[in-house]
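To keep things clear, I will list the structure first and then write my remarks on it.
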Amino acid sequence: MSEPELDIQNLKISFSTPRGKLTAVNGISFQLNQGEALALVGESGCGKTVSALSILRLLPEPPAEISSGKILFSGQNLLSLNAKTLQDLRGRSIAMVFQDPMTSLNPVLTIGEQMAETLLRHTTMTRQEALQKSADLLSRVDLPSPKEKLKQYPHQLSGGMRQRVMIAMALTCSPRILIADEPTTALDVLIQAQILELLESLKKETGMSMLIITHDLGVVAEIAQRVLIMYAGEIVESGPAHALLDNPLHPYTRGLIASVPKLGALKKKGARLEEIPGTVPSLDQRPSGCAFHPRCAWAIEKCKTQKPQLREAEGERQWSCHLEPGSL
Ligand SMILES: Nc1ncnc2c1ncn2[C@@H]1O[C@H](COP(=O)(O)OP(=O)(O)O)[C@@H](O)[C@H]1O
Ligand SMILES: [Mg+2]
C-alpha cells in the first residue's frame, strides 16, 4: 500500500479556559489514504471540528494548544511549518468546506469576486481568466447559469447552492485533500443526497482524498469507505464502513446506528429504535474510566475506573471497549 496522504499521530489539543486547561482531543491517531473517503463521526461536542481545524492550523492558538502529536502530509509535519508555508498549503493542497456556508462566504462580495480572489492569490491568472475559471468550477458542481451566479451575492442563493459554491471554491486549486465539516447538515434531505453525490463524483474525477465529518451515519453509508467513530475527544472505533455498520464493536457505534432510522431498521428488523441516553459530557466533566460508561447500557464495574485501550480486530478494525467482541 502506498504512503497515506495524511498521517495523524497521537494528536492532543487543549483549550485554556477560565476553568483551567481542558483537553478537547485526547491523543487521536489515524491515516487518510490516497483516494479514499474517510468519515469522522460522532455526536456534537465530540471534537470533530477541533480535530479538522487543527490539520490546517486554523484553531486560534491560544486559547487552543496542540500539546502533542504529528500531522504528516507528504512527509512534512504540518505542526512544525511556518505561517507562510502553511498559508501556501491551505486551499492549494488541502482544502476545507465548512459546516455553515453563510458564515464562511463574505456577504458583501459577489460569488465571482470571492472565487476569483482565491485564484488570483494562488495562481498567475489575470482577473478575466480567474472569472472564467470560476464559472467553469461552478458548472463542475452542477450550478445552473454559472456566469450569472458569479454576479450574485451569497444571500441571493439557496442553502444548497451556497454549499455548492463552497465546494467549488474548495476545488479551485485542485487540492489533494478535501476536508468537509458537516457539508450537508444545514440542508434538507433531498439536497443532502445531491451534495453527497456531487462529492462522490468529484472524488472519482479528481482522485482526491476526502475527510468527511458528520454526526450522521446515514451520510457514512452513502459515501465513506472507512469510518472513525469519535467520542469525547477520542477515537473509539474504526474500520471499513460496511463492516462497521453491519457489525459495530463499540456500544457507542451501535447506539449511533440504532438512532438513524434508515440504518436502525435495516439492521434490527422489528426492534424499536433506541436513542443513546444523555449527552456528550463537556470538557470539564469527562468521566473516569471509559468516557462513555455513564451512557452505556453494557457498562460493567471496570468501565468506571479503567480506560479501555484501542484493540485490533480482524479486517483492519479497531475499537476500545472492555467488553468481549460479540457481547453487544
Ligand atoms: N475555543 C474553545 N474554547 C473552549 N472549548 C472549546 C473551544 N472550541 C471548542 N471547544 C470545545 O471542544 C469540544 C469539541 O468541540 P468540536 O470539535 O466543535 O465538536 P464537534 O465538531 O464534534 O461537534 C466541545 O466540548 C467544545 O465546547
Ligand atoms: Mg463540529
Side-chain angles (χ1 to χ4, degrees), residues 6 8 10-30 32 38-69 71 79 94-104 159 163 166-167 170 178-187 192 195-196 199 210-220 223-224 227-238 250 252-253 255-257 259-260 275-276 278-288 290-292 294-295 320:
L6 200 60
I8 297 196
N10 194 29
L11 181 66
K12 207 165 183 169
I13 304 164
S14 55
F15 288 103
S16 300
T17 76
R19 285 156 294 149
K21 195 166 141 179
L22 302 174
T23 303
V25 174
N26 191 16
I28 62 167
S29 300
F30 66 87
L32 175 65
L38 176 66
L40 177 59
V41 187
E43 293 162 289
S44 187
C46 282
K48 306 180 300 293
T49 296
V50 167
S51 304
L53 291 176
S54 72
I55 296 173
L56 288 174
R57 297 295 289 278
L58 290 172
L59 285 172
E61 299 175 45
E65 186 199 333
I66 301 183
S67 46
S68 78
I71 301 179
L79 298 183
I94 305 179
M96 188 146 176
V97 177
F98 296 93
Q99 177 163 353
D100 178 4
M102 213 40 194
T103 55
S104 6
Q163 194 56 286
M166 290 304 297
I167 294 170
L178 181 71
I179 301 174
D181 190 358
E182 312 249 9
T184 63
T185 302
L187 307 173
Q192 274 185 24
I195 296 287
L196 291 178
L199 287 174
M210 293 197 315
L211 177 63
I212 299 160
I213 297 173
T214 178
H215 63 270
D216 180 355
L217 273 173
V219 168
V220 171
I223 191 168
V227 186
L228 310 166
I229 304 284
M230 190 164 193
Y231 187 74
E234 294 176 6
I235 289 173
V236 298
E237 178 161 3
S238 69
H250 197 287
Y252 182 56
T253 313
L256 289 177
I257 293 172
S259 57
V260 178
E275 294 276 331
I276 310 169
T279 53
V280 178
S282 61
L283 298 187
D284 57 347
Q285 292 181 334
R286 295 270 146 106
S288 58
C290 170
F292 187 58
R295 304 176 69 193
S320 61

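Quick caveat, the model's predicted, so the values are computed rather than measured. All heavy atoms count here, side chains included; hydrogens, waters and symmetry mates do not. We count ligands from 1, going down the list as the structure has it; atoms in each ligand are counted the same way.
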Which residue, [options], forms the side-chain contact (heavy atoms from CB on, under 4.5 Å) with [X]?
| X | options | result |
| --- | --- | --- |
| Val25 | Lys48, Lys12, Met230 | Met230 |
| Ser54 | Leu79, Ile8, Ile66, Ile28 | Ile66 |
| Met210 | Ile179, Ile223, Leu38 | Ile223 |

Could you say whether the N/O atoms of [X] and ligand 1 ever approach to under 3.5 Å?
| X | value |
| --- | --- |
| Arg286 | no |
| Ala24 | no |
| Lys48 | yes |
| Gly45 | yes |

Out of Thr23, Ile13, Thr49, whose heavy atom sits nearest atom 21 (O) of ligand 1?
Thr49
Of the choices Leu283, Asp284, Leu22, Thr214, which has the non-hydrogen atom that lies closest to atom 12 (O) of ligand 1?
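Heavy atom nearest to atom 12 (O) of ligand 1 belongs to Leu283.
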Take atom 27 (O) of ligand 1 and look for protein heavy atoms under 4.0 Å from it; say yes if you find one, no if not.
no
Per-atom contact, atom 7 (C) of ligand 1, protein heavy atoms, under 4.0 angstrom
yes
Judged by non-hydrogen atoms, does [X] sit under 4.0 Å from ligand 1?
| X | value |
| --- | --- |
| Glu182 | no |
| Gly47 | yes |
| Cys46 | yes |

Taking only heavy atoms of [X] into account, list the atoms of ligand 1 that are under 4.0 Å away from them.
| X | value |
| --- | --- |
| Ser44 | 23 (O) |
| Glu43 | 22 (O) |
| Val50 | 9 (C), 15 (O), 16 (P), 17 (O) |

Whether the side chain of [X] engages the backbone of [Y] through a donor-acceptor N/O pair (distance < 3.5 Å, no angle test) should be reported.
| X | Y | answer |
| --- | --- | --- |
| Thr214 | Val41 | no |
| Arg286 | Ala291 | no |
| Thr184 | Leu196 | no |

What's within reach of the Mg ion (ligand 2), meaning protein N/O/S atoms under 2.8 Å?
Thr49 OG1
Ignoring hydrogens, what is the shortest heavy-atom contact between Asp284 and Arg19? Give both atom names and the distance.
OD2-NH1, 2.6 Å
State, to 0.1 Å, how close Ile13 and Ser67 come at their nearest heavy-atom pair, and which atoms those are.
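So the minimum-distance heavy-atom pair works out to N-OG, 4.4 Å.
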Given side chains that start at C-beta, do those of His215 and Ser44 come closer than 4.5 Å, heavy atoms only?
no
